Amino acid sequence: MKMTKREYQIMSKKASPPSPVLLNCTNAFLVGGFICGLGQVITSLAVQNGMPLKDARMLCCILLIAASILLTALDIYDAIAKHAGAGTLVPITGFANAVSSPAIEFKSEGFILGVGAKMFTIAGPVIVYGVSASVVYGLIYWITTLF
C-alpha cells in the first residue's frame with residue numbers, strides 16, 4: 001500500500017487521540033509542587049528542631065530519595081507517574097526512581113548480573129552525558145580564562 005506523507009499524517013491524526021495538554025500540565029505542576037513542598041516542610045521542620053540548615057537539607061534529600069525508592073518498590077511510584085507525568089521527574093525523586101526501578105525489576109537475576117548490571121540502564125546515559133558535558137564546559141571555561 002503506497003501512501004503519501006500527507007495521507008499518512010491524516011491517517012495518523014485520526015488514529016491518535018488528542019492529548020489533554022492542560023490537564024497533563026496541571027497534574028505535573030501539582031504533583032511536582034507537592035514533592036517540592038514536602039521537601040521544604042521536611043527542611044523547615046528539621047531547622048525548627050535545632051538542626052543546622054546544611055544538615056536539614058541533607059536529611060531532606062535522604063528522606064525524599066528513600067520515599068521514592070520505597071514507593072518504586074511497592075509499585076506505587078509508577079501509578080503516581082501515570083497520572084502526574086513530568087511532575088514526578090523532580091530531579092531527586094525522578095533520578096532515584098530511574099536507578100531503583102531497573103534494580104528492583106532485575107533482582108531475580110542476582111546482585112551482580114541483575115541489580116548491579118541493570119541499575120544504571122536508564123540513568124546511566126544521563127550520568128555519562130552530564131559528566132561529559134561538564135568536562136567539555138570546564139575545558140572551554142579553562143581555555144577562555146587563559147586568554
Side-chain angles (χ1 to χ4, degrees), residues 5 8-9 11-147:
K5 282 187 177 183
Y8 179 76
Q9 288 174 343
M11 186 178 79
S12 176
K13 194 170 191 175
K14 285 181 183 178
S16 302
S19 178
V21 175
L22 185 61
L23 178 65
N24 291 345
C25 289
T26 302
N27 287 343
F29 176 78
L30 292 174
V31 172
F34 175 78
I35 293 170
C36 292
L38 180 63
Q40 185 60 52
V41 167
I42 292 168
T43 303
S44 296
L45 286 174
V47 168
Q48 282 180 348
N49 287 311
M51 187 177 282
L53 182 59
K54 186 176 180 181
D55 295 343
R57 289 176 178 160
M58 183 62 66
L59 175 67
C60 173
C61 291
I62 291 168
L63 291 178
L64 287 177
I65 290 169
S68 177
I69 293 170
L70 179 65
L71 291 175
T72 299
L74 296 174
D75 208 23
I76 297 172
Y77 198 93
D78 289 338
I80 295 169
K82 182 179 178 184
H83 297 289
T88 55
L89 294 178
V90 174
I92 198 160
T93 56
F95 191 76
N97 172 262
V99 171
S100 63
S101 184
I104 292 168
E105 184 177 343
F106 291 100
K107 68 181 176 193
S108 62
E109 295 181 25
F111 283 111
I112 304 297
L113 297 176
V115 176
K118 302 292 184 180
M119 186 181 299
F120 293 105
T121 55
I122 296 173
V126 175
I127 295 169
V128 170
Y129 179 79
V131 170
S132 301
S134 66
V135 167
V136 170
Y137 175 76
L139 287 172
I140 292 170
Y141 180 77
W142 178 66
I143 290 170
T144 58
T145 57
L146 289 176
F147 302 106

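Numbering of residues begins at 1 and proceeds along the displayed sequence. Just so it is clear, the structure is predicted and the values come from calculations on it, not from any experiment.
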Using atom types as modelled, flag every donor-acceptor pair under 3.5 Å from a side chain in residues 54-66 to any protein atom, sequence neighbours excluded.
none

Can you run down the side chain to side chain donor-acceptor pair (under 3.5 Å) pairs that involve [range], sequence neighbours left out, and say none if there aren't any?
range: residues 65-75; answer: Thr72-Asn97
range: residues 132-145; answer: none
range: residues 39-52; answer: Gln40-Ser44

Under the side chain to side chain contact (heavy atoms under 4.5 Å, CB included) test, residues paired with [X] that sit two or more places apart:
X: Leu89; result: Ala86
X: Val21; result: Ser19, Cys25
X: Leu30; result: Thr26
X: Leu70; result: Leu74

### Query
For the residue pair Pro17 and Ala15, what are the closest heavy atoms and their distance?
CD-O, 3.6 Å
### Task
Over all heavy atoms of both residues, which pair between Thr88 and Ala81 is shortest? Give the atoms and the distance, please.
OG1-CB, 3.5 Å
#### Entry: Separation between OG of Ser16 and CE of Met11, rounded to the nearest 0.5 Å
9.5 Å
